[in-house]
Every structure is written in structure tokens, then in C-alpha cells.
Amino acid sequence: RIGRKKLLLMTSGLGTVCWLILIFAPVVELIYVARFFIGTCSDICLVAGPMYIAEIASSSVRGFLSALTDLMFFAGIIIVYSVGPYTPYNVAPIIGICFTVSHFVLFCLMPESPYFYLYINDSENAKKSLLRLRQQSNVDEELHEMKTLVDQEKTEKGSFKDLFTKRYNIVPLLVVTVVSLGQQFSGMTVLIMNIHSILSEAGSVDIDKNQAAIIFSCIM
């Protein structure tokens, strides 16, 4: 409806508001609300971000750029683990605000996905977007390929049951499901959110719990 770019810019705005609430919230219930919405922003970014990357990047760098999504996720954890235990409470949210505001300002300079323009039948802006992204004088062939894919997507609407009835969907679905379940049942999320208290209760004496958490996040 609104495109990948506008959606990602909206998450920056909402993320900034949530960080501000975390700094100035007078009651803990408000912090819960902020955490809920900032988690929603993260989930939107984890869907819209890779989609945007896949649609704007050339095939030679698409995999590398897509992998950066996970890298940035863990980089954020390292930053919080490195700053949170050693600074006043409001420092980590302020750093979060710096990132969300920087993203909003810099991402405004990026073009919308040419796929989205083609999907809403705006071929002129789709070509302008692709020319900016490719830095080439002729993108007609690639634009034609994109238009063919978009037209195919419009005419061949998929359904939920296709996930379980089409062989080319079943195998990726199984792979993603097994990997996701393995990740969650390994306790990864629990460790990320509670590593400091886990180490304290375990009676860690050989290394400071804050330093151990930083090492843990770097290994991840």
C-alpha cells in the first residue's frame, strides 16, 4: 500500500518515540508499552528490510547485503552490553535515538524500490529509481525483467495452502522451520535477554559478568 521506503521510515519515527518513553517514563507500565512497540518495529524491519534489499540490490551483492541484517542485529546487542552496565540508565536509549534518527535522515536519500513502483504501474519512477541504484545509462533490459516478474506476481496469486502443497515451497518451509525451532529451543532469546542475571545466579567468579556478556555477544 505505502511502499517499503515509507514503512521503514515510519519504524524509525516510532522507534525514536519508544526510546524517548524509555528515558522519561514515570511508571514501569509505560516502559512495557514502549518495549512492545519497539519490538513491533524490529519485526517490521526484519520483513521490510530484507525485502527492500532484495528488490534494489544487484545479484552480485544481494547476499552480502542481506547478511548485514543479522550482523547489525548482533552489533546492536554488543553496543548495549558494552554501554548499559557501565553508564547511567539513559545513555543506552540516547544511543538508540541516535541510530533511529540517523536512519531516518539518511534513508530519506534512498530511492523507493523499483518493484513497488512497477506494482502500482508507475513505470517512469521505477526507471528513475533503477537508474539511481545502478548508476548506468541503460537499465531497460533489467526493468523489463522486473516488470515481467511483477506482472506474473499479479496474475498468479498464491494462497496459504501453497506453502504445504507446492514442492518448491515445502523444502524451504521445512528448512526455515527446523532452523527457527532449533534457534528458539536452544534458549538463544532467553540468553540474550537475561545473560547478566544468569551469570550472576550461576556464581561466575573467574570473569566479570559484564565482560562475559560482551564476549558472549561477540561470539554470537
Side-chain angles (χ1 to χ4, degrees), residues 7-53 61 63-107 110 175-220:
L7 184 63
L8 288 166
L9 288 173
M10 283 170 56
T11 62
S12 291
L14 183 57
T16 300
V17 172
C18 291
W19 285 121
L20 287 169
I21 292 173
L22 288 178
I23 295 175
F24 299 108
V27 291
V28 72
E29 287 79 10
L30 207 54
I31 293 177
Y32 294 157
V33 173
R35 283 295 302 268
F36 172 81
F37 281 108
I38 214 162
T40 304
C41 286
S42 298
D43 286 344
I44 293 171
C45 289
L46 288 171
V47 175
M51 182 184 292
Y52 179 80
I53 290 169
V61 295
F64 168 74
L65 291 177
S66 297
L68 285 178
T69 305
D70 284 334
L71 187 65
M72 293 300 166
F73 174 79
F74 289 113
I77 294 171
I78 292 172
I79 291 170
V80 172
Y81 281 1
S82 302
V83 171
Y86 303 108
T87 60
Y89 165 78
N90 60 351
V91 172
I94 288 171
I95 292 174
I97 291 171
C98 292
F99 277 113
T100 51
V101 171
S102 297
H103 172 259
F104 186 89
V105 172
L106 295 172
F107 199 59
M110 288 294 293
V175 171
V176 170
T177 302
V178 170
V179 170
S180 296
L181 287 174
Q183 184 185 63
Q184 293 307 315
F185 280 105
S186 72
M188 174 182 169
T189 305
V190 176
L191 285 170
I192 290 173
M193 298 301 173
N194 303 285
I195 186 68
H196 295 84
S197 57
I198 289 172
L199 290 170
S200 293
E201 292 184 24
S204 176
V205 292
D206 295 320
I207 187 170
D208 177 69
K209 65 178 181 179
N210 297 323
Q211 295 173 357
I214 295 169
I215 295 170
F216 171 76
S217 58
C218 288
I219 292 171
M220 280 198 298

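Excluded from the calculations below are hydrogen atoms, water molecules and symmetry mates; all remaining heavy atoms, backbone and side chain alike, are included. Residues: numbered from 1 along the sequence shown.
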message = Please determine whether side chain to side chain contact (heavy atoms under 4.5 Å, CB included) holds for the pair Ile77 and Phe74, giving the CA-CA distance in whole Å, both sets of side-chain angles, and the decisive distance to 0.1 Å.
response = CA-CA 5 Å; Ile77 294 171; Phe74 289 113; 3.9 Å; yes
Residue pair Val83, Ile95: steps toward the side chain to side chain contact (heavy atoms under 4.5 Å, CB included) verdict = CA-CA 9 Å; Val83 171; Ile95 292 174; 3.8 Å; yes
Side chain to side chain contact (heavy atoms under 4.5 Å, CB included) assessment of Tyr81 paired with Ile192 = CA-CA 10 Å; Tyr81 281 1; Ile192 290 173; 3.9 Å; yes
inquiry  = side chain to side chain contact (heavy atoms under 4.5 Å, CB included) for Leu68 and Ile53? Distances and angles first, verdict last.
reply    = CA-CA 10 Å; Leu68 285 178; Ile53 290 169; over 6 Å; no
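Across Ala25 and Ile31, no two heavy atoms sit closer than the pair CB-CG1, 3.7 Å. Closest of all the heavy-atom pairs between Leu199 and Ala212 is CD1-CB, 3.6 Å.
Residue Phe36 places its CZ atom among 12 or fewer non-hydrogen atoms of other residues, nucleotides or ligands, all under 6.0 Å distant. The number of heavy atoms from other shown groups lying within 6.0 Å of OH (Tyr32) does not exceed 12.
At distances below 3.5 Å, at least one donor-acceptor pair connects side-chain atoms of Tyr89 with backbone N or O atoms of Leu22. Of the possible polar contacts, none joining the Tyr52 side chain to the Cys45 backbone as a donor-acceptor pair under 3.5 Å is found.
With rounding to the nearest 0.5 Å, the separation of CH2 in Trp19 from SG in Cys41 is 10.5 Å. We find the CG-CZ distance between Leu46 and Phe73 to be 7.5 Å, quoted to the nearest 0.5 Å. The CD1 atom of Ile94 lies 9.0 Å from the OG1 atom of Thr87; values are rounded to the nearest 0.5 Å. Atoms NZ and CZ, on Lys209 and Phe216 in that order, are 15.5 Å from each other to the nearest 0.5 Å. The distance from atom CD1 of Ile195 to atom OG of Ser200, rounded to the nearest 0.5 Å, is 10.0 Å. Between Met193 atom CE and Met188 atom CE the span is 9.5 Å, to the nearest 0.5 Å.
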Name every donor-acceptor pair, under 3.5 Å, that has one atom in a side chain of residues 9-17 and the other anywhere in the protein, sequence neighbours excluded.
from  : atom 1 : to     : atom 2 : distance (Å)
Thr11 : OG1    : Leu8   : O      : 2.6
Ser12 : OG     : His103 : ND1    : 2.3
Thr16 : OG1    : Ser12  : O      : 2.9
Thr16 : OG1    : Thr100 : OG1    : 2.9

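Contacts of Ser217 classified as side chain to side chain donor-acceptor pair (under 3.5 Å), with partners at least two apart in sequence or in another chain: none.
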